[in-house]
Amino acid sequence: MRLDEDIKNIKGIGDKTAQQFNRLGIYNVKDLIYYYPRAYKTYSEPVSVVDTNEGDRVAVFCKVVSYVDVHKGRRYTITSLSAADSTGSIRMVWFNMPFLRSKFHKGETYIFYGTVKYSGNMRVMEMPEYFTQFTYQKALSTMQPIYPLKSGITNNSITRSVSAVMDTIKALPEYLPEDVIQQNDLMPRSDALIQMHFPDNEETLKKALSRIAFDEFLEFLIKIRQLKEDTVKQENLYKINDEALAKKDGFIAGLPFSLTQGQSDAVKDICSDMSSEHVMNRLIQGDVGSGKTVVAVIALLMNAISGYQGALMVPTEVLAVQHYEDICKMLKPYKLTVRLLTGSMTLKEKREVYQELKEGICDIVIGTHAIIQDSTDFKSLGLVITDEQHRFGVKQREKLTEKGNFPHVLVMSATPIPRTLAIILYADMDISVIKDMPSNRKKIMNCVVGTEYRPNAYNFIRKQVAEGHQAYVICPMVEDSEAVEAENVINYSDELSEKLGRDIRVAYLHGKMKEDEKKDILHRFINKEIDVLVSTTVIEVGINNPNATVMMIENAERFGLAQLHQLRGRVGRGDAQSYAVFINVKKSEASMERLKVLEDSNDGFFIASEDLRLRGPGDFFGIRQSGDMNFRIADIYNHSDMLRLAQDVSLKYNDLIVI
Ligand code: ADP
Ligand code: MG
């Protein structure tokens with residue numbers, strides 16, 4: 001089959017299934033091949049019943065010690081039996097599978113595989129898979145793909161469809177020269193794609209991941225190079241006048257704080273770029289809380305008073321609103337026209353902004369990708385800034401640049417990338433790093449605790465609120481379902497509200513809420529009308545409420561360390577002492593060690609490198625990091641060797657096309 005062939009032409013996919021695939025973003029054969037599993041199912045050696053704990057997903061080797069019982073419950077027909085090994089017994093339960101009655105007989109041995117639960121003091125496995133010793137031996141050596149799913153589609157359906165295009169994958173040509181493959185021991189392209197879906201074993205999977213990471217990096221670097229060729233030598237059509245800035249009554253002097261060394265260096269770099277012969281293309285890299293926003297505002301201001309328009313693009317509406325309000329306040333004395341542009345505004349509101357941008361009335365626009373919609377047209381766009389850019393792909397960055405006639409570009413990122421790698425990944429840009437934190441900051445105090453500590457944590461929150469501060473609570477994460485996640489947040493916040501008492505105002509925030517509701521909640525939180533905000537990770541990017549002093553994170557063990565660091569960065573933004581409480585629900589040794597890193601360090605670089613070092617075997621995809629620059633597989637830390645190799649290859653062969 002051709003790669004661009006519609007998935008409807010794949011054997012076994014009809015109109016209805018095709019629609020379900022479309023919802024996952026799979027339209028043609030290529031999309032399907034690139035739809036990688038999020039994990040693999042592997043089986044492990046059986047353990048003794050006595051060693052199993054609630055929540056463990058394990059295999060037990062047991063003898064059936066009772067007759068099979070089938071009875072009708074209220075909602076299901078329940079089939080169950082007791083099984084035991086020499087150390088203890090465990091009840092196996094299946095719903096709506098009465099035919100199993102004739103499958104099992106007292107005295108036979110099986111391997112049961114499933115999740116252990118406690119019912120009273122009895123161990124139970126619901127819906128276990130079962131194997132004979134022989135079939136289990138076979139299962140032990142396989143790895144089956146588990147795909148990310150959305151309602152409607154089954155894992156089986158994806159597995160079957162990928163199998164159906166196997167011949168197409170096998171026939172994919174290799175685009176890399178043979179000696180590159182040989183010298184670097186790379187897995188050939190089509191083998192790697194097959195292994196991604198159906199790995200033979202962990203070793204081949206690792207090699208496949210490396211190869212796919214290499215391809216992703218190479219494709220990215222080729223694009224970056226084109227971008228660089230297009231922009232770097234562009235003439236600067238928007239030379240700025242920065243005289244007003246340094247004056248005694250200028251903007252910087254009027255700030256309630258003095259800039260850190262890193263901030264002033266960044267401002268200096270920007271000024272020199274924007275007044276030079278060539279257009280600016282600069283990355284500002286600084287850890288969360290280092291004060292990147294004010295640097296952006298200074299750039300926007302200089303650009304505006306020099307007579308050009310500026311745009312600030314951020315990844316979420318909530319953040320757009322917050323930046324908009326802060327910036328309006330900061331720039332009030334300058335009588336500039338600042339506008340907000342987001343997807344949830346009415347068409348009429350948007351049209352007004354479009355009109356003002358076109359006529360040059362609007363000096364500064366702040367918004368989400370609504371800014372890069374086709375209908376936005378600027379009169380004289382001189383500066384484009386993207387905040388937390390890892391959320392935007394290169395494409396969006398490009399599109400925003402195309403809006404004007406080669407405006408200055410400034411990108412702000414909190415992703416802690418070592419300089420050597422940053423130079424490769426941002427080959428098209430100059431880089432300024434803000435290394436230092438504002439000096440008024442007190443070090444965040446961290447503690448990693450178990451669930452039994454919850455009452456203390458709640459008490460602590462109550463005390464902080466009594467002192468006039470506020471708190472965030474990040475709710476347990478639920479995989480793959482926004483709906484369940486929303487429900488979770490609501491329940492948690494109800495319970496918390498009950499526990500904290502009536503005088504403490506609790507509210508919740510999650511991704512499924514309407515934009516207006518989100519905005520409203522955030523407003524009220526920032527205006528101190530809400531004391532405790534229970535939220536999913538939607539607050540992770542950029543929200544700033546310096547009065548919040550407690551960040552409590554449930555199920556901390558389920559997040560990547562870099563993401564926890566971003567979350568923690570929501571507190572410690574003001575003068576007051578702040579606290580981060582990480583609740584470690586599954587107190588395994590590994591999770592303890594990982595979280596300990598956060599307890600010991602507030603340094604984003606160190607945390608990112610430790611995260612990598614501590615990843616366990618079998619943790620092929622890591623825990624999805626937030627700053628992943630939109631690569632599907634490639635991870636700049638884990639695959640840094642591939643990034644360097646891709647860089648070398650792209651320099652040596654300049655006509656490669658990644659397929
Ligand atoms: P980030 O780099 O994470 O985007 P922000 O720009 O949101 O950080 O800044 C975080 C907080 O620090 C804001 O409340 C901001 O007003 C404050 N801030 C920024 N620079 C300084 C400084 N030099 N001294 C004191 N506070 C500062
Ligand atoms: Mg920020």
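Read the numbers this way: they start at 1 and go in the same order the structure lists the ligands and their atoms. Being a predicted model, the structure only gives us computed values, none of them experimental.
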- Run the side-chain hydrogen bond (donor to acceptor under 3.5 Å, both in side chains) check on E317 and S344 step by step: do they pass? CA-CA 8 Å; E317 291 217 358; S344 72; 2.8 Å; yes

- Message: For ligand 1, which is the ligand I care about here, please tell me if G291 has any N or O atom under 3.5 Å from one of the ligand's N or O atoms.
- Response: yes

- Query: What part of S258, side chain, backbone, both or neither, has a heavy atom within less than 4.0 angstrom of ligand 1?
  - Reply: backbone

- Is there a heavy atom in G289 that sits closer than 4.0 Å to ligand 1? yes

- Query: What do we get for Q566 next to ligand 1 when only non-hydrogen atoms under 4.0 Å count, side chain, backbone, both or neither?
  - Reply: neither

- Determine, for K518 against E515, whether the closest basic-nitrogen to carboxylate-oxygen distance falls under 4.0 angstrom. yes

- Item | Close approach of M412 to ligand 1, heavy atoms, under 4.0 angstrom | no

- Does a donor on one side chain and an acceptor on the other come within less than 3.5 Å for N555 and E557? yes

- ligand 1 atoms nearer than 4.0 angstrom to some heavy atom of V288 are 3 (O)

- Task: Using a strict 4.0 Å cut-off to heavy atoms of S290, name the atoms of ligand 1 that fall inside it.
- Result: 2 (O)

- Could you give me the CA-CA distance, side-chain angles and deciding distance for D287 and H565, then say whether side-chain hydrogen bond (donor to acceptor under 3.5 Å, both in side chains) is met? CA-CA 10 Å; D287 207 348; H565 179 61; 3.1 Å; yes

- side chain to side chain contact (heavy atoms under 4.5 Å, CB included), paired with Y324, selected from V314, L312, V338: V338

- Query: With atoms numbered from 1 as shown, which atoms in ligand 1 lie under 4.0 angstrom from a non-hydrogen atom of T260?
  - Reply: 23 (N)

- Message: Test side chain to side chain contact (heavy atoms under 4.5 Å, CB included) on N584 and V448; report intermediate values, then the result.
- Response: CA-CA 7 Å; N584 183 8; V448 179; 4.2 Å; yes

- Please indicate whether any nitrogen or oxygen in P546 is less than 3.5 Å from any nitrogen or oxygen in ligand 1. no

- Hey, is T293 touching ligand 1 through its side chain, its backbone, both or neither, going by heavy atoms under 4.0 Å? both

- Just by modelled atom types, is the V295 backbone N or O under 3.5 Å from a matching donor or acceptor in the Q263 side chain? no

